[in-house]
Amino acid sequence: MAETVDGIAFFLLAFASIGGAVMMLSTRNVVHAAFWLLEVMLATAGLYLLLDAEFLALVQALVYAGAVSVLVLFTIMLTLRRREDAVRPFEPGWGALALAALFGGAMLLAISRAQLPIGAMPASVPTTADFGRVLFTQWAVPFEIASLVLLVALVGAVWWSGGDRR
Amino acid sequence: MSELAVLLPEALVLVGALAALFAERLPGGDRTAARLGWVLAAAAALSAAAIGVREPIAGGTLAFDALARDARVAVAALAALYLLWLSGSDLGRVREMAAFAQFAALGGMLMASAQDLATLFIAIELGTMPAYVMMGYERSDARTLEGSLKYYLLSMTTSLVMLYGFSLLFGLAGTTRFDHAGAMSPEGLLGSFAVVFALTGLFAKLSAAPFHFWTPDAYAGAPASAVAFVSTVPKVAGVAALLRLTGALSAGELLPLYFGAAALASMLLGNLGAYPQRDVRRLMAYSGIAHSGYVLLAVGAGSASALGYAVIYAIPSLAVMLVASEEGTAVDDWAGLFQRRPAVAWALVVLLLSLVGVPPMAGFFGKLAIFGAALDAGRTALVVVAIVMSVVSAGYYFKLIRTAFFAEAVPAPSEERARPSLASGVAIAIATAATLLVTFAVAELLSLPGIRG
């Protein structure tokens, strides 16, 4: 029974994320596209939840659905002067479509033929506390470097948006 | 805690970068920040040399072998040279430039040590993120911002391709670590895709063909002082990272083929593309593509001489761009340089001859080492192309020398000339001396038995 419920949930969420991505690409209004992006990210968070990855789902909802989508909306708000500018002509790039289809087909073929190692699953689902312990011990170095990357990005943004002239 | 002591060079560079951000509070302002920067970076280079080869730290994610030592010393020393020049330049507000250069150097030093895919990726980001801002440092100039935006978008795209490759490598190997040779042995079609994507990103960072097209445009828009740093220091670190990663990959016939194709395309497109250029930045961008081709030749042969060659390329290239920053970025601006600054003109002869690979400059020994390594690996045809292309490259480098020595000075240069300072003279002199002598320092790296000092 649980298998079927998971299957239905997976089908719904997968349809929501792929359908949302298609809608995001095909809509003519950039604001609508931003909201479709938000929908895709939430559906992906649902997929993570289905895989028992609560923390990842929470981060996905907070960072991607929360912060990144808002950032996109802010960018649209700050760069568009008039309401009509939000509507862009629909220009289907057939070359790009063909390339994307080719890439997707090649990856699908490669993944279906690959022999992926079967990872050893832990006896119990790792908790967020376990995750934090690993992050701040085993992965402390990349974590600290990431903080420096953020600092550089912050200083760079301030430099470019700084109004004072020398 | 004591194992973290090997990160002392990184800590010194980080202190310099953070101090530069607070240059307002320093007596003497931006100049002091840049001076402090070069002193700390030089100290970092010396301490990295003194620390030498150590055990890996952080659970094995950061290695401190001979490759990491040499790359850390080279990156810190080049950053110190650049900051020394910056401390005497009249660019105006340089505190952010100094800070970004040091952050990028820090990223480069970590990149050279990383032996874990996640750490490597984030270190590469730290090494390239400051470069976006440096390339767009003239924030009031629309053309600079355009070049910087192009650089940012293309660099991000290639980063994503690389990350996709890394994720496939992780999926196939079940681990992100690549500690020893053959640690990553991706098989089948998916494995080939993983290797090609992962290497594509790194090739693009080295501006190797066929991922080179963004380089000339991005450099031509940027201030020459930024190009001097961005086109050299991250490249040295990138070569170290590429050497470490390809050393751990075992992908059968694919790797030599991919490296050979990229090296061939880079050498041909770089050297032939440089000929029609009238802008020193574009010319040096194509020259950089060509030299990436020589480097890939050595990396493909699995020879550590690639790192030695990258250093030997970086020093004169950095100095030539510093001269371009002072004398103007159009080739014609260099007319009459011999009359104005004869010492710099003679220094240019040494620097450019080293880039061509004429003995007794370092470039000759570098090329000798990498061509020898490629011959040992059985790449005779590629080596022949490389030698022919080295001769071809003499044409456009000599164009610069001819303009500097024999052309009539143009009355109005395209940009206002900077007043050369003592620090800039010292920096160019050090680079020139290094071009003549660095061979002895890296003789072990190049595995040239006869000339060890």
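Note that the coordinates shown come from a computational prediction; the quantities given were computed from them, not determined experimentally. Letters A, B, ... mirror the listed sequences (proteins, then strands); counts begin at 1.
- For A:Phe103, the CZ atom is densely surrounded, since the number of other residues' heavy atoms within 6.0 Å is greater than 12.
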Candidate pair B:Met111 and A:Ile145, rule side-chain contact (heavy atoms from CB on, under 4.5 Å), full reasoning: CA-CA 11 Å; B:Met111 212 191 288; A:Ile145 303 174; over 6 Å; no
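- Interface remark: B:Leu110 contributes side-chain atoms only to the contact with chain A (heavy atom separation under 4.5 Å).
- Residue A:Ala140 does not touch chain B at all, counting heavy-atom pairs closer than 4.5 Å.
- Taking A:Thr137, A:Ile111, A:Val149 one by one and counting their heavy-atom pairs under 4.5 Å with chain B, the maximum is reached by A:Val149.
- Heavy atoms of B:Ser148 lying under 4.5 Å from chain A belong exclusively to its side chain.
- The distance from atom CH2 of A:Trp139 to atom OG1 of B:Thr61, rounded to the nearest 0.5 Å, is 7.5 Å.
- In this pair, B:Tyr137 and A:Trp159 present their aromatic rings parallel. The plane angle is below 30°, not in the 30 to 60° band.
- Side chain of A:Trp160 to main chain of B:Gly136: a donor-acceptor pair is present (N/O by atom type, distance under 3.5 Å, no hydrogens or angles).
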A:Val155 vs B:Val133, side-chain contact (heavy atoms from CB on, under 4.5 Å): CA-CA, chis, key distance, verdict: CA-CA 9 Å; A:Val155 175; B:Val133 194; over 6 Å; no
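- Taking each heavy atom of A:Ala106 and B:Phe193 in turn, the nearest pair found is O-CE1, 3.5 Å.
- Of the inter-residue distances, the one linking A:Met107 atom CE with B:Phe197 atom CZ reads 5.5 Å to the nearest 0.5 angstrom.
- In this structure, B:Asp116 and A:Val141 have side chains that are not in contact, with every pair of non-hydrogen atoms separated by 4.5 Å or more.
- Rounded to the nearest 0.5 Å, atoms CG (A:Leu109) and CG (B:Leu190) are 10.0 Å apart.
- Heavy atoms closer than 4.5 Å to chain A are found nowhere in B:Leu7, neither backbone nor side chain.
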Stepwise side-chain contact (heavy atoms from CB on, under 4.5 Å) check, A:Leu151 with B:Leu18: CA-CA 10 Å; A:Leu151 176 66; B:Leu18 294 176; 3.8 Å; yes
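- Residue contact with chain A, scored on non-hydrogen atoms closer than 4.5 Å, involves the side chain of B:Leu62 exclusively.
- Within a 6.0 Å radius of OH in B:Tyr152, other residues, nucleotides and ligands contribute 12 heavy atoms or fewer.
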